> 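Please read through the structure below; I'll follow up with questions.
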2 protein chains.
Amino acid sequence: MATGRTHRPATRSRGIPEATVARLPLYLRALTALSERSVPTVSSEELAAAAGVNSAKLRKDFSYLGSYGTRGVGYDVEYLVYQISRELGLTQDWPVVIVGIGNLGAALANYGGFASRGFRVAALIDADPAMAGKPVAGIPVQHTDELEKIIDDNGVSIGVIATPAGAAQQVCERLVAAGVTSILNFAPTVLSVPDGVDVRKVDLSIELQILAFHEQRKAGEEAANEAAAVPLAPKESGKGPDGDVPAVMPA
Amino acid sequence: MATGRTHRPATRSRGIPEATVARLPLYLRALTALSERSVPTVSSEELAAAAGVNSAKLRKDFSYLGSYGTRGVGYDVEYLVYQISRELGLTQDWPVVIVGIGNLGAALANYGGFASRGFRVAALIDADPAMAGKPVAGIPVQHTDELEKIIDDNGVSIGVIATPAGAAQQVCERLVAAGVTSILNFAPTVLSVPDGVDVRKVDLSIELQILAFHEQRKAGEEAANEAAAVPLAPKESGKGPDGDVPAVMPA
DNA sequence: TTGTGTGAAACCGTTCACAGCA
DNA sequence: TGCTGTGAACGGTTTCACACAA
């Protein structure tokens with residue numbers, strides 16, 4: 001940094017906790033909104049509220065990046081936007097390919113927030129020959145045969161898999177073999193990848209199931225049909241919500 | 001349970017750790033696949049591999065549900081499928097509404113895995129009057145005006161928000177006011193909800209940014225242009241990836 | 001002998017509370 | 001005085017390692 005004498009990097013760069021990394025985009029979004037409203041500075045309290053976290057967590061998170069911020073005042077919005085962007089690697093261009101241009105793939109290609117923040121859809125790839133050449137979100141779909149060439153020509157290191165579950169592992173292997181080292185997986189499958197390749201998954205079905213779990217608990221508590229404090233009660237009698245155990249039983 | 005004498009519930013039901021709950025759908029998926037292949041039993045090792053976790057974690061997770069499983073043998077697949085389904089609340093029907101039928105909303109409506117596992121798309125809702133009546137995934141889109149009535153008539157407690165960011169908070173408030181207590185949010189905004197309402201968010205842009213962070217780190221390590229072990233080196237000179245700090249600087 | 005179930009230890013993330021700087 | 005930056009306490013999660021049941 002040219003003029004950054006007052007800001008010593010301290011714990012610089014090595015070992016930002018994963019939980020913190022996952023929140024940086026949240027802070028960045030809140031800061032960008034403030035920046036657009038030309039707000040010059042924010043306190044940890046205000047920014048935390050905008051990002052939906054508590055202020056202690058936010059301050060701790062920022063402390064891993066260095067001592068940006070002025071005691072008694074707060075944080076300089078523009079400066080923080082830059083620092084977080086740089087930390088996340090958003091000051092560079094990330095070409096991305098989307099494989100599997102069904103409903104979801106098309107939605108992703110059209111998603112605006114995708115193209116903002118440094119990500120650029122370099123290509124859309126689908127296995128269906130009938131799709132080839134058809135433009136989606138202004139980008140012509142290319143056939144899977146071209147996958148390796150596309151990755152190579154565009155220097156793609158991030159791939160998005162939006163194929164059916166059955167095709168995902170195979171697509172993943174081709175992406176990795178072609179040089180992709182980060183994968184965002186929308187297919188409902190566990191992907192096996194070699195060391196050094198990052199996979200993040202987004203799974204609608206799993207999210208819904210987690211919600212259902214909590215929803216069921218709420219319903220159960222609400223109608224407190226089981227006596228409130230029964231730590232070790234027998235309650236052996238058949239009391240399933242909708243029948244009993246299925247045909248097959250364990251030994 | 002009728003014949004479940006051998007399986008004492010132990011820690012039953014109260015307080016399954018959140019991290020465990022989040023993995024149950026993963027186990028369920030792996031078990032369902034085994035079930036379809038008529039595999040009668042699995043060891044923790046095998047199932048863990050299929051679910052992409054390690055076996056110690058899996059056993060610990062299952063221990064919160066009770067002592068299903070036979071020492072020296074493994075777990076009965078069908079029985080576990082049932083127990084996890086019940087724990088997650090998937091033995092009952094969950095009507096779901098999707099609000100915002102753009103590219104993403106349509107993709108969600110068409111997503112098959114959605115409709116499986118107990119979730120049923122009760123209605124599609126959009127603010128655009130031109131969409132009203134148009135069928136998406138075989139379900140006619142209804143106008144936002146009908147939102148409260150739809151929630152009420154169908155006893156909906158889970159809502160999916162796939163609107164633009166600007167509309168999300170307002171839609172959220174209407175859903176909550178109408179009785180929805182679990183929300184899956186695809187809009188890139190922080191939603192404010194009253195206590196007792198669960199929100200889970202899915203954010204493509206955030207996932208990509210997290211990948212970019214790690215990707216950048218890999219690139220930095222690979223080309224180890226900064227001398228390997230320099231814990232407290234000055235390195236003050238301008239060395240930004242693409243220029244230096246922006247115009248606005250902190251005090 | 002095999003593989004589950006689980007205390008105990010190690011690890012990570014969050015919250016507290018306050019010293020210290022502008 | 002106000003708000004950041006951070007050590008220390010806390011709580012949750014993962015891993016270890018082994019007793020114990022089939």
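Computation of the quantities below employed the complete heavy-atom set of this structure, encompassing side-chain atoms and omitting hydrogens, waters and symmetry-equivalent molecules. Bear in mind the structure is a predicted one, so any value in this text is a computation, not a measurement. Numbered from 1 within each chain, the chains take letters A, B, ... in sequence-line order.
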> In whole Å, I'd like the distance from the CG atom of B/Leu65 to the P atom of C/dG5.
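After rounding, the reported distance stands at 10 Å.
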> Ignoring backbone atoms, establish whether A/Ser44 has a side-chain N or O less than 4.0 Å from OP1 or OP2 of D/dC3.
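No.
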> Side-chain atoms of residues 167-177 of chain B: list all donor-acceptor pairs with protein atoms under 3.5 Å, sequence neighbours left out, distances to 0.1 Å.
residue	atom	partner	partner atom	Å
B/Gln169	OE1	B/Ser192	N	2.9
B/Gln169	NE2	B/Glu173	OE2	2.8
B/Gln169	NE2	B/Ser192	O	3.1
B/Arg174	NE	B/Glu148	OE2	2.9
B/Arg174	NH2	B/Thr144	O	2.9
B/Arg174	NH2	B/Glu148	OE1	2.9
B/Arg174	NH2	B/Glu148	OE2	3.4

> Taking only heavy atoms on the protein side, list every residue of residues 27-38 of chain A lying under 4.0 Å from any atom of DNA chain C, sorted numerically.
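Residues of residues 27-38 of chain A under 4.0 Å from DNA chain C: none.
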> Counting primed atoms plus P, OP1 and OP2 as sugar-phosphate and everything else as base, spell out the protein contacts along nucleotides 8-14 of chain D at 4.0 Å heavy-atom distance: B, S or - for each nucleotide, 5' to 3'.
B----SS
> Would you give a per-nucleotide map of nucleotides 17-22 of chain D, 5' to 3', where B means the base has a protein non-hydrogen atom under 4.0 Å away, S means only the sugar-phosphate does, and - means neither?
B-BBBS
> Got a sec, which residues hit ring pair (Phe, Tyr, Trp, His ring centres under 6.0 Å) with B/Tyr27, two or more places apart in sequence or on another chain?
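For B/Tyr27 the ring pair (Phe, Tyr, Trp, His ring centres under 6.0 Å) partners, ignoring immediate neighbours, are B/Phe62.
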> Rounded to whole Å, how long is the line connecting atom OH of A/Tyr75 with atom C1' of C/dA22?
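In whole Å, C/dA22 C1' lies 14 Å from A/Tyr75 OH.
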> Taking salt bridge (charged side-chain N to carboxylate O under 4.0 Å, His left out) as the definition, give me every residue that meets it alongside A/Arg200, ordered by chain and number, with sequence neighbours left out.
B/Glu207
> For B/Thr20, enumerate each residue passing the side-chain hydrogen bond (donor to acceptor under 3.5 Å, both in side chains) test, keeping only those at least two apart in sequence or located in another chain.
B/Asp61
> Partners of B/Ala19 by side chain to side chain contact (heavy atoms under 4.5 Å, CB included), sequence neighbours excluded?
B/Arg23
> Mind checking salt bridge (charged side-chain N to carboxylate O under 4.0 Å, His left out) for B/Glu215 and listing every partner two or more places apart, or none if nothing turns up?
B/Lys218
> Under the side chain to side chain contact (heavy atoms under 4.5 Å, CB included) rule, collect the residues that match up with B/Ala49, sequence neighbours excluded.
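Checked B/Ala49 against side chain to side chain contact (heavy atoms under 4.5 Å, CB included); zero matches.
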> Checking B/Arg59 now: which residues fulfil salt bridge (charged side-chain N to carboxylate O under 4.0 Å, His left out) with it, not counting sequence neighbours?
none
> Salt bridge check, A/Asp203 against B/Arg29: does any charged N sit closer than 4.0 Å to a carboxylate O?
yes
> Partners of B/Thr32 by side chain to side chain contact (heavy atoms under 4.5 Å, CB included), sequence neighbours excluded?
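Residues passing side chain to side chain contact (heavy atoms under 4.5 Å, CB included) with B/Thr32: B/Leu28, B/Glu36, B/Arg117.
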> Which whole-number value in Å describes the distance from A/Ile16 CD1 to C/dT14 C1'?
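Rounded to whole Å, this separation is 18 Å.
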